[in-house]
2 protein chains.
Amino acid sequence: MHDAQFLKREARLKIACSSCNLRQLCLPVGLDPEDIEQLDAALNLRQRVQTGQHLYRAGDIFRSLYAIRSGVFKLYRLNADGREQVMGFYLPGDLMGLGAIGTGRFALHAVALEDSHICEAPFSLLEELAQKIPSLQRQIHRVLSAEILQDWQAMMMLGSMLAEGRLAVFLLDLSERLQRRGFSPTHLHLSMSREEIGNYLGMKLETVSRTFSKLQKDGLIAVDRRVLTIQDMPGLKRLAGCAGESHLGMAEA
Amino acid sequence: MHDAQFLKREARLKIACSSCNLRQLCLPVGLDPEDIEQLDAALNLRQRVQTGQHLYRAGDIFRSLYAIRSGVFKLYRLNADGREQVMGFYLPGDLMGLGAIGTGRFALHAVALEDSHICEAPFSLLEELAQKIPSLQRQIHRVLSAEILQDWQAMMMLGSMLAEGRLAVFLLDLSERLQRRGFSPTHLHLSMSREEIGNYLGMKLETVSRTFSKLQKDGLIAVDRRVLTIQDMPGLKRLAGCAGESHLGMAEA
DNA sequence: CGGTTCATTGAGGGGGTTCAACGAAAGTGG
DNA sequence: CCACTTTCGTTGAACCCCCTCAATGAACCG
């Protein structure tokens, strides 16, 4: 993501799970080469999604999961009075649509924050294949479970942390996910606006901006527009770990 | 739950999925009678968990999912400085442990808020069985997906609603889940304390208490200790729907 | 009955929102 | 190339919801 070279290099490659550099993050994890071939056949539907385009919308009938090959997506919902609520940001190797399996309809809107490429995985085919390939079934379970864990982390942030802590958790999470994908863990490009970050973290864009400024003043990060450098990883982790949770109070059973 | 008669009646019955009145909520959904028998054989491990007892603890090795037959459980985590963070309340028919599938270890503590009965479902057996029974596999996917949806609702509350709205969503969610289980949707017994509710909703127990009082003054609910009656369902839904989200503001793109 | 836990209510303070102004960067059309 | 416009980010000041601290009351239990 945020790397034109990366995009171009990917476009030139034959796009197959077996040759995909995301196979250690995506559905193929734990599969034998011959199984990956079968998987490849099932999800040979590739698509390009340009910045600002929607991959699907809340209410659409669910037929497929979508794996991100490159780019970044924002998942969000619109509440009763039309205001947006960001539910997460998704990176290469992530699967989108997991919340729709149960109901048969997408619950959220998915929009590309950068020019992106995705792989469409028809879910009925995936289920069929999982019936024959135990390791694929296990991986589907793992992926669903991981999404639950990720959501719990967001709930934890929103439920018990102050602005500083939330931003620290957000940055560390992003950093770790980027690192797992082979990007630098300290030099991040933010594909989302301050408003989108704040919306996800349950605060206003002004608060995000102010908190960025404070973290910069404290020497933990350096921000220049949408390029953010983590300068004091342990310090950030300290913020994310314990400090700043629920108004400095120490009470509780 | 919260009904001694219910517990006693259950104890007398032969405890099998095929005769369980939760089979429309739990793992057996969509299974043929003969498949249910196989499922029954796989999870014949029943347990009693008394109020305050832990079913498992964060960090424990994950081997089984746990289905609630009767009672109520609280799932929570302890953060760095030992403070509690409630991640959810689970009712009969719900499955616990879904977040542990990916990592092999439980991420949360599970404690009974009432004297409860659970069914243990060894996950390796479940996976094996799902390999043979497509409808069971589909149900496992559905259950995992439903947990994701439930978590998204919690994120939505925490991220964009004020105390009143959060409490309204909480009560309506509880009401609907109780109704699906055959209980009254308007007359609820709260198995959890104000502090636990507040912790889950990202607010202090005093705020929960004050907000209950306000909702009561407005004629939406009636509260007597841990018995809560919903008196104006549409009014509550109005609160949960749009009102009270992010400081009364109407701006935004 | 005294001790503990839980719930309610009040008063004061703080973190974040709201409203507002300003600046920087990017895109547009002449 | 430069006004013009638009979008995005930053910063300041006032207000408000909720937290904190505190006191009181009700129910449960040994």
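A, B, ... follow the sequence lines: proteins, then strands. Residue 1 opens every chain.
- Under the salt bridge (charged side-chain N to carboxylate O under 4.0 Å, His left out) criterion, A:Arg180 pairs with A:Glu176, sequence neighbours left out.
- At the phosphate of C:dG16, neither OP1 nor OP2 sits under 4.0 Å from any side-chain N or O atom of A:Thr207.
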Any protein N or O atoms within reach of nucleotides 22-27 of chain D? Criterion: under 3.5 Å, listing atom names and distances.
none

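- Annotation: salt bridge (charged side-chain N to carboxylate O under 4.0 Å, His left out) contacts involving residues 85-96 of chain A, sequence neighbours excluded, comprise A:Asp94-A:Arg177, A:Asp94-A:Arg181.
- Counting any heavy atom pair closer than 4.0 Å across all strands shown, B:Arg166 reaches no nucleic acid atom.
- In terms of the side-chain hydrogen bond (donor to acceptor under 3.5 Å, both in side chains) criterion, residue partners of A:Tyr90 (sequence neighbours excluded) are, by chain and number, A:Glu147.
- Residues meeting the salt bridge (charged side-chain N to carboxylate O under 4.0 Å, His left out) test with A:Asp151, sequence neighbours left out: none.
- Residue contacts shown for A:Gly202 are limited to sugar-phosphate atoms, with no base heavy atom under 4.0 Å away.
- Side chains of A:Gln150 and A:Asp173: a donor on one and an acceptor on the other come within 3.5 Å.
- In this structure, B:Arg226 atom CZ and C:dC6 atom C1' are separated by 7 Å, rounded to whole Å.
- Regarding contacts with the backbone of C:dT9, every side-chain N or O of B:Ser209 stays at 4.0 angstrom or more from both OP1 and OP2.
- Residue B:Arg210 places none of its side-chain N or O atoms closer than 4.0 Å to OP1 or OP2 of C:dT8.
- Partners of A:Arg57 according to the side-chain hydrogen bond (donor to acceptor under 3.5 Å, both in side chains) rule, which considers only residues two or more places apart in sequence or in another chain, are A:His54.
- For A:Glu196, the salt bridge (charged side-chain N to carboxylate O under 4.0 Å, His left out) criterion is met by A:Lys74, not counting sequence neighbours.
- The side-chain hydrogen bond (donor to acceptor under 3.5 Å, both in side chains) check on B:Asp218 picks up B:Lys214, with sequence neighbours excluded.
- Terminal axes of the helix from C:dG3-D:dC28 to C:dG30-D:dC1 (five pairs each, C1' rotation axis) are separated by 40°, to the nearest 10°.
- Here C:dT8 is the nucleotide among C:dA7, C:dT8, D:dT10 with the atom lying nearest to any side-chain atom of B:Ser213.
- Between the CG atom of B:Asn199 and the P atom of C:dA7 there is a distance of 13 Å, given to the nearest Å.
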